[in-house]
Structure formats: C-alpha cells, structure tokens
Number of protein chains: 2
Amino acid sequence: MAGRRRWSTEEILDAAAELLRTSDTDSFSVRKLAAALGTDSSSLYRHFRSKTELLRAVADRILLAAVDGYHPEGDWKQRITALALRVREAFRQQPQLAAVWGRYASSGTGSRLVMEEVLQALRAAGVPDEEIPARYHRIAILIAALIASEAGVSAITPEEQEQGMELFRVAVLGADPERFPALAHFARDVRPLGVDRRAAFEEILAAHLVHIEAHRAGFSGAGTPSTPCDTPC
Amino acid sequence: MAGRRRWSTEEILDAAAELLRTSDTDSFSVRKLAAALGTDSSSLYRHFRSKTELLRAVADRILLAAVDGYHPEGDWKQRITALALRVREAFRQQPQLAAVWGRYASSGTGSRLVMEEVLQALRAAGVPDEEIPARYHRIAILIAALIASEAGVSAITPEEQEQGMELFRVAVLGADPERFPALAHFARDVRPLGVDRRAAFEEILAAHLVHIEAHRAGFSGAGTPSTPCDTPC
DNA sequence: ACCTGAACACCGTTCAAGT
DNA sequence: ACCTGAACACCGTTCAAGT
C-alpha cells in the first residue's frame with residue numbers, strides 16, 4: 001500500500017532537485033515538494049529547519065553536478081571561465097536556487113570543488129599567495145552576482161518580461177532629445193538587460209580575469225614580455 | 001471622518017517607497033501597503049495591474065532620488081563610479097526593489113537620467129560610437145547584478161546569515177587537505193561572499209572600466225602615451 | 001519514536017455585490 | 001463610477017494529537 005514510508009534526507013534532496021528542474025515556470029514550494037513525495041509538508045521539517053536550509057543543500061548538489069566531468073584544461077583563465085560557464089549552465093532555469101546560492105554560497109563538496117579549482121587557477125596564474133584570497137573573493141562575488149541576476153530575469157513570467165521590454169522601449173525611444181541627447185542618439189541600438197546574457201557573462205568575466213593578469217604582471221614583473229603594462233591598463 | 005478617500009497613483013507610490021524604506025526586515029506586501037493607506041488591497045489594483053508593475057514604478061523613483069543632486073565631476077570613470085555608488089546606496093536595504101530592478105530595469109525619468117549619464121561618460125572616454133551600446137549594456141548588467149545580489153544578501157534574516165557564515169566556515173575549515181590542498185592552504189584567509197561588499201563593488205567596477213579604457217586605447221590609438229597596450233591586457 | 005491533521009498567520013489577485 | 005468584502009488558491013511553519 002503506497003503511503004506512509006520514511007524518506008531519507010538524500011531522497012528529499014533528489015526530489016527537490018528534480019522538482020526544481022522540471023517545474024520551469026511556477027515556483028517551488030515546500031508544500032509542492034511534499035506532495036511530490038506523497039507526504040505532508042510538516043514531515044519535511046524534521047529534516048530541515050527551514051526552506052532556506054533545504055535550498056542551500058540542493059544548491060550544493062547542483063554545484064556538484066556542475067563540476068561533474070570537469071577537467072582543468074588550458075591556461076588559468078580558460079580554467080576559471082570553463083568552470084564558471086558550467087556553474088552558470090547548472091543554475092539556469094532554477095531561479096530560486098540561484099538566488100539562494102547568490103545570497104550565501106553553499107557549503108558542501110560541490111562548493112569546495114569549485115573553490116579549490118579557482119584557487120588553484122589563481123596560483124597557476126602567478127598571483128602572489130597573499131593576494132589570492134582577495135582575488136578569489138571578487139571573482140566569486142562577480143560570478144555569483146551575474147548568475148543570480150540572470151536567473152532572476154528568467155524567473156519572471158513571459159508577460160512580465162514583455163511588459164518590461166515595452167517599458168524599456170518607451171523609456172528609450174520616447175526620450176526627449178533636448179534633455180537626453182545621448183540616449184536619443186543611441187536609442188535604436190541600446191539593448192535591455194535581459195538580452196544577450198551569455199555573451200555578456202563571458203565578456204565581463206574575461207575582462208575581470210584580464211585585469212587580474214595585468215595586475216599580477218605589474219606586481220611580479222612576470223607578464224607577457226612584449227607588453228610591460230606597469231600602469232593600470 | 002478618516003476613511004474612504006481616493007488615493008492618487010502618486011500618493012500610492014510615495015507610500016510604497018516609504019513603507020519599503022522603513023520596514024527593514026519584514027517583507028513588503030500589497031496588503032501591508034493597503035493597510036498603511038487605510039484601504040483594502042483590492043483598491044490598489046485599479047492603479048496597478050500587478051505587484052511587479054507597482055514595484056517597477058517605485059524603482060524608478062528610487063533611481064530618481066539617487067541621481068538627485070548628482071553633478072558630473074572628474075574623468076569619465078569617476079563619473080560612472082560616482083553614479084553607480086549613488087544607485088547602489090539608494091537600493092540598499094530595499095531588497096525587493098533591487099531584485100525587481102535587477103530583473104528588468106525601470107523605465108521612467110530616473111532610468112533615463114542614469115542611462116544618459118553613462119552614455120555621455122562613454123563618449124567622453126573616447127569609445128567609438130558604434131561600440132557604445134554594447135559597452136553600455138555590459139556596464140548596466142554588471143552594476144545591476146552587483147546591486148541586486150548585494151540586496152539579496154541583506155534580505156535574509158540575521159539568523160540565516162549567521163547559519164550561512166557557519167556553513168561557510170565548516171566548508172572551508174573542514175576541507176580535507178589531501179583532496180582540497182589549495183582550499184586548506186587558504187582556509188584562514190578566504191572570506192564569505194557577504195562581507196566587504198562595498199570595496200568589492202568599487203574594485204570590480206573599476207576593473208571593468210579600466211578594461212574598457214584599455215580597449216578604447218587599443219582601437220583608437222589614443223591611450224596613455226607610455227603604455228600602448230595593443231595586446232589585451 | 002515517528003508522523004499527521006489541523007491550524008496560524010500570512011500571500012497576490014479577482015469579482016460580484018454594494019454605495 | 002467607484003470601492004469594498006469576501007473569496008480563491010495559495011504560502012512557510014508549528015504543534016497538539018494520534019498511531
């Protein structure tokens with residue numbers, strides 16, 4: 001007879017990950033998770049103190065799945081970029097998870113693997129040990145912010161997205177050329193935040209890594225021989 | 001006699017901004033806004049089709065307040081930085097607003113003023129006209145992502161923040177040195193995402209602007225005379 | 001010892017019925 | 001023409017009562 005069995009924490013996490021992956025549009029809730037497991041939401045509160053704690057645990061699984069099959073390749077920038085793109089892909093279409101992760105990075109094996117790889121890449125880059133924690137911190141913030149905000153965009157309904165697009169068009173095309181000359185001039189080419197996110201992600205991250213490389217060269221004197229770059233450039 | 005008056009859209013927006021500003025911890029809701037106005041939530045749906053539409057309108061007011069009193073000063077990088085810091089400050093402690101704004105930039109006068117200033121600064125930087133829309137797009141994404149994710153951190157309860165801190169400590173300090181050598185090595189210095197956000201914001205933005213400057217120099221040949229920088233550095 | 005039902009205190013949104 | 005009450009379909013979380 002179907003009902004009444006005990007669910008392990010593992011099984012609950014699996015079911016939560018599954019539910020988050022399949023239910024694209026509508027939002028995740030403890031009650032829906034309980035329903036999917038054929039139990040009552042109150043039962044889940046024996047395994048988790050709060051919804052946030054549950055989501056944090058699932059976020060680490062996503063991270064784990066993201067690094068699964070990853071092997072370092074290329075130079076340190078390529079390694080960080082490849083890893084970041086994997087994490088980004090893993091969190092896409094799972095807005096609530098990305099938001100939680102962005103708020104406060106998870107803490108399990110997945111998180112450790114990502115941290116380890118980025119730290120090693122920074123060492124390979126030749127960044128002095130004493131600067132690595134700060135560099136890591138900035139990279140983590142940048143990547144988490146971009147992924148979380150991207151997930152936020154895909155979290156709203158298509159209608160709201162279309163409304164937002166329309167508002168943007170009105171703001172840009174309807175700008176008074178007297179008061180907003182530059183905006184009026186670029187009106188046809190300026191784009192809303194929601195488009196072209198993948199390219200933007202890669203470019204912004206690349207720019208940040210190049211900046212680190214330049215600084216490292218400035219400090220250690222071991223930059224590419226052709227371009228000394230001793231002013232911040 | 002107190003009850004039963006008509007509220008203009010303006011008054012509702014003012015009250016919403018006020019409520020968002022004062023109610024630090026607990027979350028904003030249409031019902032609470034209605035209660036603050038002494039009316040029923042259903043009345044508000046004559047003025048706004050949805051909560052999102054309402055929040056978008058308030059977000060533009062915040063933007064307007066952010067640029068109030070702003071005057072361009074210094075070089076183009078300083079102008080963009082000063083403006084970004086103002087916007088950041090305006091959205092702090094208003095997580096729900098920042099999230100909505102991050103999802104889809106607002107559309108009123110506030111938004112226009114910010115766009116105008118950034119576009120003018122990019123022109124002043126000497127970025128070729130045909131590149132400005134793309135550069136603007138990346139800058140806007142970067143700033144919005146950082147601000148929204150920062151607001152996300154301050155949105156969670158202190159208890160959840162402390163839990164997250166504890167989880168982070170466990171993840172870092174408890175890492176097996178065999179499996180995570182770099183993480184174990186930097187364990188004492190690596191910091192969680194939530195700390196030092198202001199410095200991180202300034203540094204990440206500065207790095208991005210420096211990158212634009214370097215590229216502009218590479219393309220136009222009008223960089224600082226001492227450092228040609230024709231490779232991406 | 002474990003789980004459940006029912007409740008508490010909320011949400012956003014709609015719409016018939018009132019004034 | 002405008003507004004309201006009441007309802008719909010949800011939330012996260014708790015806890016006494018059951019098995």
Side-chain angles (χ1 to χ4, degrees), chain A residues 1-13 15-16 19-20 23-59 95-97 99-100 103 152 155-161 163-164, chain B residues 1-13 15-16 19-20 23-59 95-97 99-100 103 152 155-161 163-164:
Chain A
M1 48 204 62
R4 183 90 57 91
R5 56 160 296 200
R6 291 206 333 263
W7 300 96
S8 72
T9 302
E10 286 296 294
E11 288 170 315
I12 293 171
L13 289 177
L19 190 59
L20 279 159
S23 70
D24 289 331
T25 316
D26 50 342
S27 58
F28 174 85
S29 76
V30 177
R31 287 173 126 105
K32 281 180 193 157
L33 174 58
L37 288 165
T39 182
D40 189 87
S41 60
S42 58
S43 311
L44 302 179
Y45 281 86
R46 194 169 326 285
H47 298 86
F48 303 98
R49 267 177 299 183
S50 67
K51 188 185 180 185
T52 298
E53 191 175 301
L54 166 67
L55 288 176
R56 278 207 256 243
V58 184
Q96 304 215 29
L97 260 194
V100 167
R103 273 171 232 274
I156 61 180
T157 65
E159 293 89 58
E160 283 179 327
Q161 277 195 42
Q163 277 173 30
Chain B
M1 46 204 70
R4 182 88 57 91
R5 56 160 299 204
R6 288 206 334 262
W7 300 95
S8 71
T9 302
E10 287 296 295
E11 287 170 312
I12 293 171
L13 289 178
L19 189 60
L20 279 158
S23 71
D24 288 332
T25 315
D26 50 341
S27 58
F28 174 85
S29 75
V30 178
R31 287 174 126 107
K32 282 181 192 157
L33 175 59
L37 288 164
T39 182
D40 189 90
S41 60
S42 57
S43 311
L44 302 180
Y45 282 85
R46 195 169 324 288
H47 299 87
F48 303 97
R49 266 176 299 180
S50 68
K51 188 186 181 185
T52 297
E53 191 176 299
L54 165 67
L55 287 176
R56 278 207 255 244
V58 184
Q96 305 215 31
L97 259 193
V100 167
R103 275 171 230 276
I156 61 180
T157 66
E159 295 88 60
E160 282 179 328
Q161 279 195 41
Q163 276 173 33

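Scope of the values below: all heavy atoms of this structure, side chains included, with no hydrogens, waters or symmetry mates. A, B, ... follow the sequence lines: proteins, then strands. Residue 1 opens every chain.
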Distance, rounded to the nearest Å, where [X] contributes [atom1] and [N] contributes [atom2]:
| X | N | atom1 | atom2 | value |
| --- | --- | --- | --- | --- |
| A/Trp7 | C/dT4 | CH2 | P | 11 Å |
| A/Leu54 | D/dC11 | CG | C1' | 15 Å |
| A/Leu33 | D/dT13 | CG | C1' | 15 Å |
| B/Lys51 | D/dC11 | NZ | C1' | 12 Å |

What residues, two or more places apart in sequence or in another chain, satisfy side chain to side chain donor-acceptor pair (under 3.5 Å) together with [X]?
| X | result |
| --- | --- |
| A/Arg31 | none |
| B/Ser50 | none |
| B/Thr9 | none |
| B/Thr52 | A/Glu160 |

Atom pairs under 3.5 Å: protein N/O with N/O of nucleotides 8-10 of chain C:
none

query: With respect to B/Arg49, which candidate in B/Glu53, B/His47, B/Lys51 satisfies the side chain to side chain contact (heavy atoms under 4.5 Å, CB included) definition?
result: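 One option only clears the test, and that one is B/Glu53.
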
task: Could I get the full list of salt bridge (Lys or Arg N to Asp or Glu O under 4.0 Å) partners for B/Glu159, not counting sequence neighbours?
output: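 For B/Glu159, no residue satisfies salt bridge (Lys or Arg N to Asp or Glu O under 4.0 Å) once neighbours in sequence are set aside.
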
Set of residues satisfying salt bridge (Lys or Arg N to Asp or Glu O under 4.0 Å) with respect to B/Arg46, sequence neighbours excluded: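 By the salt bridge (Lys or Arg N to Asp or Glu O under 4.0 Å) rule, B/Arg46 matches no residue at all.
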
query: Quick one: side-chain contact (heavy atoms from CB on, under 4.5 Å) partners of A/Ser42, sequence neighbours excluded?
result: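 If we apply the side-chain contact (heavy atoms from CB on, under 4.5 Å) test to A/Ser42, skipping adjacent residues, the hits are A/Asp40.
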
query: When rounded to the nearest 0.5 angstrom, what is the spacing between CH2 in A/Trp7 and CG in A/Leu33?
result: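 Going from CH2 on A/Trp7 over to CG on A/Leu33, the span is 10.0 Å.
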
- prompt: Do A/Phe28 and A/Leu54 have side-chain heavy atoms sitting under 4.5 Å apart?
  reply: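 The answer is yes, as the side chains (C-beta and beyond) meet within the 4.5 Å cut-off.
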
query: Is the closest side-chain heavy-atom distance between B/Val30 and B/Phe48 below 4.5 Å?
result: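 Answer no - side chains too far apart.
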
message: Rounding to an integer number of angstrom, what distance separates C/dC10 and D/dA9 when you compare their P atoms?
response: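 Result for the P pair: 22 Å, nearest Å.
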
field: DNA chain C contacts among residues 40-49 of chain A, heavy-atom distance under 4.0 Å
entry: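 Hits under 4.0 Å, by residue number: A/Asp40, A/Ser42, A/Ser43, A/Arg46.
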
message: Given a 3.5 Å cut-off on both pairing distances, which stems involving DNA chain C, each at least three consecutive Watson-Crick or G-U pairs, are present, if any?
response: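 For DNA chain C the paired stretches long enough to count as stems (3 pairs minimum) are C:4-8 with D:12-16, C:12-16 with D:4-8.
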
